[in-house]
Amino acid sequence: MVEHQDGTRAAYDGIVELYASMFAGRLETQPFSRNMIGTFAELVRGTGNRRAADVGCGPGHLTAMLRDLGLDAFGLDLSPAMVDHARRAHPALRFDEARMEALPVGDGALGGVLAHYSMIHTPPGELPALLAEQARVLAPGGLLLVSFFATDGPEPVRFDHKVAPAYSWPADRFAALLAGAGFATFARLFHDPASERGFLDAHLLARLR
Ligand SMILES: C[S@@+](CC[C@H](N)C(=O)[O-])C[C@H]1O[C@@H](n2cnc3c(N)ncnc32)[C@H](O)[C@@H]1O
């Protein structure tokens, strides 16, 4: 594991209960994100392969949402404390400790991968390999939904996220990296959450070619 992942893991380990209390119910008030995830789930169901990973699942609430949307979903996270919380909160679901960079999943096994704000801490230079790993575990035609902080500028920008250093991305640059990993991005949603963060919420929906 590289050093920044150690830092990210320790940071999330330390704020599990706070994070869960702030975010586990958040999508109830976020119709755009919620519906994008609903669209993702519908398209995954349409592939005929309902097996889906929620990578960087945190407290597991989105894994549960995917299950409620008819997917055979499981959650993976770097942080053992998050995995612990997710297991307790959703005992019927499977959660495992794993890095997105090395998923414990066979080649072409999945119909969908959800990465909801879990790639935000990955340094830009490591993102191509990270996306290639998501492509490895998806079947051809499988879906990837990636959500992140979007910025207008030409380059990704490092910023002091409250938990661990993070990066905001120009959506076109992110889509270009997805293309490099074999994905075609066919839907984009930008949403201003009206917070003080100064970023847009971005959701890119891509299909493995
Ligand atoms: C901002 S939280 C998002 C959690 C959840 N997806 C959500 O939307 O509420 C980021 C999560 O990604 C996990 N994470 C960060 N880097 C990771 C990596 N390289 N592999 C696996 N999980 C990672 C963190 O431990 C944390 O739980």
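Positions are given from 1 along the sequence. In listed order, ligands and their atoms are each counted from 1.
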Out of V2, I120, T8, who gets a non-hydrogen atom closest to atom 15 (C) of ligand 1?
T8
Exercise answer: donor-acceptor pairs, residues 38-47 side-chain atoms, under 3.5 Å, sequence neighbours excluded:
unit_1	atom_1	unit_2	atom_2	d
T39	OG1	N35	O	2.9
R45	NH1	L69	O	2.6
T47	OG1	V44	O	2.7
T47	OG1	N49	N	3.1
T47	OG1	N49	O	3.3

Of M100, Q5, M82, the one whose closest heavy atom lies nearest atom 17 (C) of ligand 1 is M100
Proximal atoms of ligand 1 relative to E101 (non-hydrogen, under 4.0 Å)
18 (C), 19 (N), 20 (N)
For atom 11 (C) of ligand 1, which protein heavy atom lies nearest, and how many Å away is it?
G56 O, 3.7 Å
Ring centre gap for H121 and Y12 strictly below 6.0 Å
yes
Side chain or backbone of S147 under 4.0 Å from ligand 1, or both, or neither, by non-hydrogen atoms?
neither
Would you call A164 a ligand 1 contact, heavy-atom distance under 4.0 Å?
no
Going by the atom numbers of ligand 1, which of them fall below 4.0 Å from some non-hydrogen atom of L62?
8 (O)
Would you call D77 and R99 a salt bridge, taking side-chain N to carboxylate O under 4.0 Å as the test?
no
H191 side chain to Q30 side chain, donor-acceptor N/O pair below 3.5 angstrom:
no
Out of Y12, Y117, Y19, F23, whose heavy atom is nearest to atom 4 (C) of ligand 1?
Y19
Closer than 4.0 Å to some heavy atom of H61 - which atoms of ligand 1 meet that?
7 (C), 9 (O)
Counting the benzene-type ring for Trp, do W169 and F174 have ring centres under 6.0 Å apart?
yes
Look at atom 27 (O) of ligand 1 and find which of D77, L78, D13, L27 reaches it with the closest heavy atom.
D77
Using 4.0 Å as the upper bound for N to carboxylate O, is an ion pair formed by D107 and R136?
yes
Quick one: is the NZ or CZ of R207 closer than 6.0 Å to the six-membered ring centre of F186, and within 45° of its axis?
yes
Aromatic rings F149 and F159: how do their planes relate, parallel, tilted or perpendicular, breaks at 30° and 60°?
perpendicular
Using a strict 4.0 Å cut-off to heavy atoms of R99, name the atoms of ligand 1 that fall inside it.
20 (N), 21 (C)
So, do Y117 and F23 have ring centers that fall under 6.0 Å from each other?
no
When you measure from atom 8 (O) of ligand 1 to every protein heavy atom, which one gives the shortest distance, and what is it?
H116 ND1, 2.6 Å
For ligand 1, is any non-hydrogen atom under 4.0 Å from P59's backbone (N, CA, C, O), its side chain (CB onward), both, or neither?
neither
